[in-house]
2 protein chains.
Amino acid sequence: MNDLLLPENLTTKRLDINEKSCQEQNRKILAARDVMEILSGKWKIQILAVLMYKGNMRFMDLLRNVHGIGAKMLSKELHDLEINQLLTRTVLPTKPITVDYAITPYGKTLRPVINTLVSWGLTHRKTIMQQD
Amino acid sequence: MNDLLLPENLTTKRLDINEKSCQEQNRKILAARDVMEILSGKWKIQILAVLMYKGNMRFMDLLRNVHGIGAKMLSKELHDLEINQLLTRTVLPTKPITVDYAITPYGKTLRPVINTLVSWGLTHRKTIMQQD
DNA sequence: GCTATTAGTTTCCTCAAGGAAACTGGTTTC
DNA sequence: GAAACCAGTTTCCTTGAGGAAACTAATAGC
């Protein structure tokens, strides 16, 4: 019938020789996007780092320890992190009510991530300082 | 003269017993902030991951490989990354001009950071999928 | 001369991030 | 009953992140 069909189909597109490894790369790139969706922004990593390095804290403690953050932002970010099951919010029956924020076991799996981030950051500071 | 001055000064503030470790914690928290300033946002990590996992690329290649990004954003993000010395921009004297983007040796020190991020992201996907 | 490709830039737009300050509501202390 | 502390919420505002589409400029092939 139509013998022109075949050659044209074969020449238009170059086949991906290494499709399997390409899929794996794409999965990694997607994973990178996922993490940044959860951790991106000015405050989340800082809040996690404070809780991770200084231990559980109440709302007012966090407000004082996460330098520069305001009550509204803190409230919102804590909520986000709670939804992503990275920390828990526990209301304590104290005289003036207090709320304890703590990193969950799942949140603690972020420790290596934060640590790698932090150690790169510490080196980066030095690198930049030396140049200027 | 005024013997009321001393007692009041001594009782107002509690001293920080462990000031040295506290300073170190604060340095870490600052470092975390630094890194996020450089890598935060929707695209930077994705661009770095693409270049890291797929190798050098030209502008148009990146436009096709970083899914969803537009020319303006790509241009701006590449510029930012170049300023932070994480990648280089090389104009090649080809017929229609091409520009090669490559991760610098310094940018390559981000590899462990990206890898940790990615491996947490991959696990996170599984964790979330299982629940819903 | 028309179209295509590369590497952007420019313009105009929207929506979300983030911030300051005032306010709520309950409790304790003086 | 006034002041203070905790844990927020609400309101109003500004800035910046990000996006779509059109445009520039150079070159090559048809």
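To find a chain, count down the sequence lines: A is the first, B the second, and so on, and within it residues start at 1.
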May I ask whether B:Leu51 and B:Leu92 are part of the same hydrophobic cluster, defined by side-chain heavy atoms of I, L, V, M, F, W, Y residues being less than 4.5 angstrom apart, directly or through others?
no
Less than 4.0 angstrom from a charged side-chain N to a carboxylate O is my criterion; do A:Asp34 and B:Arg125 meet it?
yes
B:Ser40-A:Ser40 side chain donor-acceptor pair, cut-off 3.5 Å:
yes
Presence of A:Arg58 side-chain N/O under 4.0 Å of D:dC5 phosphate oxygens OP1/OP2
no
Got B:Leu81 and B:Lys44 here, is their nearest side-chain heavy-atom distance under 4.5 Å?
yes
Result for 5'-nearest mapping on DNA chain C, choosing between A:Ile69 and B:Ile97, is B:Ile97
Distance test, side-chain N/O of A:Tyr101 to OP1/OP2 of D:dG8, below 4.0 Å:
yes
Check whether any side-chain N or O of B:Arg89 sits under 4.0 Å from OP1 or OP2 of C:dG8, and answer yes or no.
yes
Any side-chain N or O of A:Lys76 below 4.0 angstrom from OP1/OP2 of D:dG8?
no
Gap between atoms CD and C1', on B:Glu77 and D:dA17 respectively (whole Å):
9 Å
Which heavy-atom pair separates A:Leu48 from A:Ile103 by the least distance, and what is that distance?
O-CD1, 3.7 Å
Protein-nucleotide distance (A:Leu92, atom CG; D:dC5, atom C1'), rounded to Å:
15 Å
Whole Å only: how far is the CE atom of B:Met60 from the P atom of D:dA26?
17 Å
Counting heavy atoms from C-beta on, name the nucleotide in D:dT9, D:dC6, D:dA7 closest to the side chain of A:Arg64.
D:dC6
Figure out the CG/P separation between B:Leu74 and D:dG19, and round it to whole Å.
11 Å
Taking only the side-chain heavy atoms of A:Lys72 (C-beta and beyond), determine which of D:dG18, D:dA7, C:dG18 contains the nearest atom.
C:dG18
Nearest listed nucleotide, side chain of B:Thr98, among D:dC6, C:dA7, C:dG8:
C:dA7
Selection from C:dG8, C:dG26, C:dG18 that lies nearest to any side-chain heavy atom of A:Pro96:
C:dG26
Between B:Met73 (CE) and D:dA21 (P), how many Å, whole number?
16 Å
Using whole Å, report how far CD of A:Glu82 lies from C1' of D:dA7.
14 Å
In whole angstroms, the gap separating P of C:dA17 from CD of A:Gln46 amounts to 17 Å
From D:dG18, D:dA7, C:dG19, nucleotide with atom closest to A:Lys42 side chain:
C:dG19
Given C:dG8, is OP1 or OP2 found less than 4.0 Å from the side-chain N or O atoms of B:Ser75?
no
With the side chain of A:Val99 defined as its heavy atoms from C-beta on, choose the nearest nucleotide among D:dG8, C:dA7, C:dT9.
D:dG8
I need the CH2-C1' distance between B:Trp43 and D:dG16, as an integer number of Å.
17 Å
